[in-house]
**Q** 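Input: one structure, supplied below.
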Amino acid sequence: MQAYNVTNFLNDHPGGKEVLLVAAGKDASEEFEEAGHGSAARLMLDEFYVGEIDPSTKTTTSSVSTTTTTTATNSSINFLENHQKIDHYQDKSSRQNVKLLQFLVPILILGLGSTLLRWKKTLADLSTVHDAQISTL
């Protein structure tokens, strides 16, 4: 049995993250096939593949299986909530950085342009002085 870590795909899943969270910690092969995923979805599986699970280690007691699935689902939900909190702060920080760059980049461009114009004028003045010295010789 193959195992996949789709944590980074939760927010992008077309069917919603809940579908993936419900399947967390269990064999979701049947659900995957019933959803009618196309070739693009099958190709994406390679990106999330993490390894194989030995079927002989699977527990047969339904209460243990239910507990394990519930624990895995709760763990996935807790991870997702924490991940969303981190994303919120990163998004806020990113927006602040973008605003700062939108302010600074034009100023830097104007400063660079001004410096180049002065440098060009200085070169022209030096050239004029040099030409004047040559003509007096």
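This one's a predicted model, so the numbers in the text were calculated from it and none came from an experiment.
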**Q** CG/Leu126 to OG1/Thr122 distance, rounded to the nearest 0.5 angstrom?
**A** 6.5 Å
**Q** Do you know which two heavy atoms are closest between His37 and Phe32, and how far apart they sit?
**A** ND1-O, 2.8 Å
**Q** Using only atom types and a distance under 3.5 Å, with no angle test, would you say the side chain of Ser127 pairs donor to acceptor with the backbone of Leu123?
**A** no
**Q** Apply side chain to side chain contact (heavy atoms under 4.5 Å, CB included) to residues Phe48 and Val6 and explain how you reach the verdict.
**A** CA-CA 6 Å; Phe48 303 111; Val6 294; 4.1 Å; yes
**Q** Provide the closest heavy-atom pair for Lys17 versus Leu10 in the form atom of the first, atom of the second, distance.
**A** CB-O, 3.3 Å
**Q** State whether the number of non-hydrogen atoms from other residues, nucleotides or ligands found under 6.0 Å of Glu30 atom CD is greater than 12.
**A** no
**Q** Just wondering, more than 12 heavy atoms not from Arg118 lying within 6.0 Å of its CZ?
**A** no
**Q** Heavy-atom distance under 4.5 Å between the side chains of Tyr4 and Gln2, does that happen here?
**A** yes
**Q** I'd like to know if the side chain of Tyr49 pairs up with that of Glu47 as donor and acceptor (distance under 3.5 Å, no hydrogens or angles considered).
**A** no
**Q** Tell me, do Phe9 and Met44 make a side-chain contact under 4.5 Å, heavy atoms counted?
**A** yes
**Q** Are Leu110 and Val105 in one and the same hydrophobic cluster, where Ile, Leu, Val, Met, Phe, Trp and Tyr link if side-chain heavy atoms are under 4.5 Å apart?
**A** no
**Q** Identify the heavy atoms of Asn8 and Asp12 that sit nearest to each other, and give their distance.
**A** O-OD2, 4.1 Å
**Q** Could you walk me through whether His13 and Val19 pass the side chain to side chain contact (heavy atoms under 4.5 Å, CB included) test, one step at a time?
**A** CA-CA 9 Å; His13 186 258; Val19 175; 4.3 Å; yes
**Q** Mind checking the CG-CD1 spacing from Leu112 to Ile107? Nearest 0.5 Å is all I need.
**A** 13.5 Å
**Q** Nearest 0.5 Å, please: how far is CG in Leu20 from CD in Glu18?
**A** 9.0 Å
